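Working notes, beginning with the structure itself.
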Amino acid sequence: MLSMGEKAFRGDQLFDGITMGKSVSEISNIPKPLKEKLLETYEDSAAQIVERLVSSDGTEKYLFRLADGNVIEGVLMKYKYGNTQCVSTQVGCRMGCKFCASTLGGLVRNLTKGEILAQVLLVNRLLGGTLKERKVTNIVLMGSGEPLDNYDNTVGFLRLISSPEGLNISPRNISLSTCGLVPQMRKLTEEGLSVNLTVSLHAPFDEDRKKIMPVANAYSIREILDACAFYFEKTGRRYIFEYTLIRGQNDSEAHVKELVRLLSGRPCLINVIRLNEVKETGLISTGETHARAFIDKLTRAGLTATLRRSAGADIQGACGQLRRKYLANPTEIRAGREEEYES
């Protein structure tokens, strides 16, 4: 504001208004001439909610349209301890994981740190949250995109979302999910941001992992485990492995035994997930009975393992599904919905 010839307090007003989820033109204590000056250079808002779907289990799915017309999505999951929002870090993804809809169209572009932040600010406002009484209490970077493939903007977002002047969400309430980009995992360790590090493992054998996750051709499971150990050494935070069960590919007795061999004695949690099926992939989820037996074998061997609650299956809950539906037929977004959700 000072560089634009304005008083410094206008910066506080602008910051507070944007953090409340408002567009520049909606901030009431900014004078009209200043708004006009700002809008000559900047977008009125980083994103808009253009669709909101509510699942029978209470999960909410959002479709955001960015200022350049690209669309991304996010999910809000409601728990007894608060509301967890899953945010996207890229438009699309280039990691190529076989079970994920986000990567089917490849990577379009990275999101800016402001675009990542806007997803949370808009949903917090929609739910009636304020700066002092936020409705979004936990963040998961697990939507479309690989967070560590957009490293600088992801770290910038983490600093913004945890800023005492902003929503002030503690890094301890933030989980960052990566497919295992080892150099960036080690770099993140040095940032002083003690977020919950979650690694998409999905197979305990390198050759099996390569079949469903191309990133495994670059970084071995051993390298990932070493990076996780480094993270624990520096931050004192235990790490989490996501393990999506895919029928006939990673759910056998041999997979259980290798997981036990690899992870015994490590300060980690295994978050077992039944595949949220995406028809384009042709992959089939392991049945619930088999999934629970899989977890039981892990826990009886001394590992800490849980079955993640499946959420939002009836509203295209898997990453990338709603976006793909919108791109295939954008006219399905009903007239007037944008105005409704912006208000």
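Here the structure is a predicted model, which is why all the values come from computation and not from measurement.
Note on ring orientation: taking the six-membered ring where Trp is involved, the planes of Phe241 and Tyr239 are perpendicular (angle over 60°, cut-offs 30° and 60°).
Of the N and O atoms on the side chains of Glu233 and Tyr231, not one donor lies less than 3.5 Å from an acceptor on the other residue. No side-chain N or O of Glu242 forms a donor-acceptor pair with one of Asn271 less than 3.5 Å apart. In this structure, a donor-acceptor pair under 3.5 Å is absent between the side chains of Asn83 and Thr137.
Under the 4.5 Å side-chain heavy-atom criterion for ILVMFWY residues, a single connected hydrophobic cluster contains both Leu201 and Val182. Each of Ile240 and Met142 belongs to its own hydrophobic cluster when Ile, Leu, Val, Met, Phe, Trp and Tyr are linked at side-chain heavy-atom distances under 4.5 angstrom. Under the 4.5 Å side-chain contact rule for hydrophobic residues, Tyr219 and Phe205 do not share a cluster.
One distance of note links CD of Gln13 with CD1 of Ile27; it measures 9.0 Å at 0.5 Å rounding.
Checked against a 6.0 Å centroid threshold, the rings of His202 and Phe99 count as neighbours.
The local environment of NZ in Lys35 is crowded, with over 12 non-hydrogen atoms from other residues, nucleotides or ligands closer than 6.0 Å.
Formation of a donor-acceptor pair under 3.5 Å by the Lys257 side chain with backbone atoms of Ser252 is not found in this model.
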Report task. Begin from the C-alpha positions of Cys228 and Met185 and carry the test side-chain contact (heavy atoms from CB on, under 4.5 Å) through to its verdict. Result -> CA-CA 8 Å; Cys228 287; Met185 289 170 64; 3.9 Å; yes
